[in-house]
Trainee: 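If you scroll down you'll find the structure; I have some questions about it.
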Number of protein chains: 2
Amino acid sequence: MADFDPAEDELTPPPEGTGAISAHMTPDRQASHFKRARHARETEIIEDYVELIADLIDEQGEARAVDIAKRLGVTGATVNKMVARLKQMNLVNAEPYRSVFLTDEGREMAEASRERHHIVVALLRVVGVDEATAWADAEGMEHRCSPETLMAFKEFVKRHKS
Amino acid sequence: MADFDPAEDELTPPPEGTGAISAHMTPDRQASHFKRARHARETEIIEDYVELIADLIDEQGEARAVDIAKRLGVTGATVNKMVARLKQMNLVNAEPYRSVFLTDEGREMAEASRERHHIVVALLRVVGVDEATAWADAEGMEHRCSPETLMAFKEFVKRHKS
DNA sequence: TATAAAAGTTAGCCTTGACTAATAATTGTA
DNA sequence: TACAATTATTAGTCAAGGCTAACTTTTATA
């Protein structure tokens with residue numbers, strides 16, 4: 001978690017051939033894409049936890065470790081460790097043997113994440129992906145879309161739905 | 001790398017509310033989405049390496065560790081370790097102090113990966129994402145699309161490109 | 001052809017995010 | 001209320017994928 005420097009992350013202009021290098025796709029620009037991807041991998045787990053905690057609170061009034069574990073398909077021990085990390089990041093409040101709550105910051109992240117999730121699902125639906133697949137694939141794609149892409153998705157969906 | 005069992009990966013039908021649980025989105029179905037996502041995270045690095053090696057071979061006739069490192073934005077030591085792993089997976093052939101070559105299996109993976117990459121870029125372009133952003137975002141999204149979604153993208157692009 | 005520069009290798013360390021197993025606390029119920 | 005079941009915590013392990021530093025091999029050039 002210390003690999004991605006937004007300052008050096010200039011968006012890379014397109015190559016011309018197969019996906020290969022060109023005058024525009026220099027090695028270090030390509031490197032910045034990969035750094036961006038690595039950074040996304042690191043943050044998406046955090047976002048998944050936070051979004052799920054928000055869902056549980058909304059549905060059941062509280063987010064218990066055991067439910068988080070069940071829905072993520074991991075063990076309670078893993079959840080416990082992760083919650084400690086989220087707490088340290090000031091995304092959740094958690095006391096021993098009590099369920100987990102979101103801080104303002106955490107809720108903000110959850111909302112943002114959830115909105116992205118929905119936009120991606122909507123876009124997939126519009127381009128013809130069936131609903132089940134859309135929900136399955138959105139889990140993952142949502143973390144890799146820049147604000148620009150999400151905005152484009154939103155606009156596109158608005159213009160094309162129904 | 002031993003978490004995802006395709007056998008239990010039934011696609012999850014959609015929920016109805018905010019993204020929350022419903023009769024269709026049972027906890028273990030949601031868990032399978034997250035397992036799928038974790039699996040994708042594990043394989044995408046492999047795919048990035050393999051695709052990049054293919055690019056380098058096509059462009060320069062060979063893939064040297066130093067060039068791989070430069071384009072991925074990692075150190076040579078990291079590349080070395082990863083190449084050893086790729087070799088063990090029978091995706092590349094590599095001899096000490098020589099550059100890296102793809103096995104048939106590796107080239108197959110590279111082609112598939114590259115094709116997915118291009119489809120995603122094309123889809124993004126069609127829905128209005130600018131070219132630079134499309135290339136940046138495709139790095140990452142390409143690994144998270146199911147065959148169904150890619151097929152839908154392909155069809156959609158075919159129907160909509162100017 | 002020496003020798004310096006570049007590239008590759010190896011060893012050792014770190015963090016993340018999983019796991020299991022053992023233990024402790026809480027909760028529900030007979 | 002006591003006890004059983006559920007839930008949470010802690011400790012220790014593992015593999016992946018990064019890193020740096022030291023060293024070796026190859027390549028290029030003075």
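Nothing here was measured: the structure is a model prediction, and the numbers come from that model. Chain A is the first sequence line, chain B the second, and so forth, proteins listed ahead of strands; every chain is numbered from 1. Only heavy atoms go into these numbers, but all of them, side chains included; no hydrogens, no water, no symmetry mates.
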Trainee: Taking the nucleotide of DNA chain C with the nearest heavy atom to each, does A/Arg98 or A/Thr75 sit closer to the 5' end?
Mentor: A/Thr75

Trainee: Given D/dA8, C/dA11, D/dT24, identify the nucleotide with an atom nearest to the side chain of B/Tyr97.
Mentor: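 Per side-chain heavy atoms of B/Tyr97, the pick is D/dT24.
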
Trainee: Roughly, in whole Å, what's the span from CD in B/Glu42 to C1' in C/dT16?
Mentor: 12 Å

Trainee: Hey, what's the ring geometry for A/His117 with A/Trp135, parallel, tilted or perpendicular (30° and 60° as the breaks)?
Mentor: tilted

Trainee: Can you tell me which nucleotide in D/dT7, D/dG18, D/dA11 comes closest to the side chain of A/Arg41?
Mentor: D/dG18

Trainee: Do B/Ser146 and B/Glu148 meet the criterion of a side-chain donor-acceptor pair at a distance under 3.5 Å?
Mentor: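 Side-chain D/A pair, B/Ser146 to B/Glu148: present.
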
Trainee: Take atom CD1 of B/Ile46 and atom P of D/dA15, then tell me their distance rounded to the nearest Å.
Mentor: 15 Å

Trainee: To the nearest angstrom, how far is B/Lys81 atom NZ from D/dC19 atom P?
Mentor: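 Result: 10 Å.
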
Trainee: Taking atom C1' of C/dT16 as reference, at what distance in whole Å does atom CD1 of A/Ile45 sit?
Mentor: 8 Å

Trainee: Report whether A/Met109 and A/Ile119 are members of the same hydrophobic cluster (ILVMFWY, side-chain heavy atoms less than 4.5 Å apart, transitive linking).
Mentor: no

Trainee: Can you check the A/Met82 CE to D/dT9 C1' distance for me, whole Å?
Mentor: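 Taking CE of A/Met82 and C1' of D/dT9, I get 17 Å after rounding.
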
Trainee: B/Val66 side chain: which of D/dT7, C/dG8, D/dA21 is closest?
Mentor: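 When the side chain of B/Val66 is considered, C/dG8 is the closest of D/dT7, C/dG8, D/dA21.
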
Trainee: What is the distance, rounded to the nearest whole Å, between atom CG of B/Asn80 and atom P of D/dC19?
Mentor: 13 Å

Trainee: For A/Gln88 and C/dT16, give me the distance from atom CD to atom C1', rounded to whole Å.
Mentor: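 So the CD-C1' distance, A/Gln88 to C/dT16, works out to 13 Å.
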
Trainee: Taking salt bridge (charged side-chain N to carboxylate O under 4.0 Å, His left out) as the criterion, tell me which of B/Glu44, B/Glu139, B/Glu42 meets it with A/Arg41.
Mentor: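 Output: one option passes, namely B/Glu44.
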
Trainee: Which residue lies toward the 5' end of DNA chain C, A/Thr78 or A/Pro96, if each is placed at its nearest nucleotide?
Mentor: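 Of the two residues, A/Thr78 wins.
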
Trainee: So does B/Tyr49 get a side-chain nitrogen or oxygen closer than 4.0 Å to the phosphate oxygens (OP1/OP2) of D/dG18?
Mentor: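 Yes, within the criterion.
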
Trainee: Please report the shortest heavy-atom distance between B/Thr149 and A/Val129, naming the atom on each side.
Mentor: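 The answer is OG1-CG1, 3.6 Å.
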
Trainee: Can you measure B/Glu44 atom CD to D/dG18 atom P for me and round it to whole angstrom units?
Mentor: 11 Å

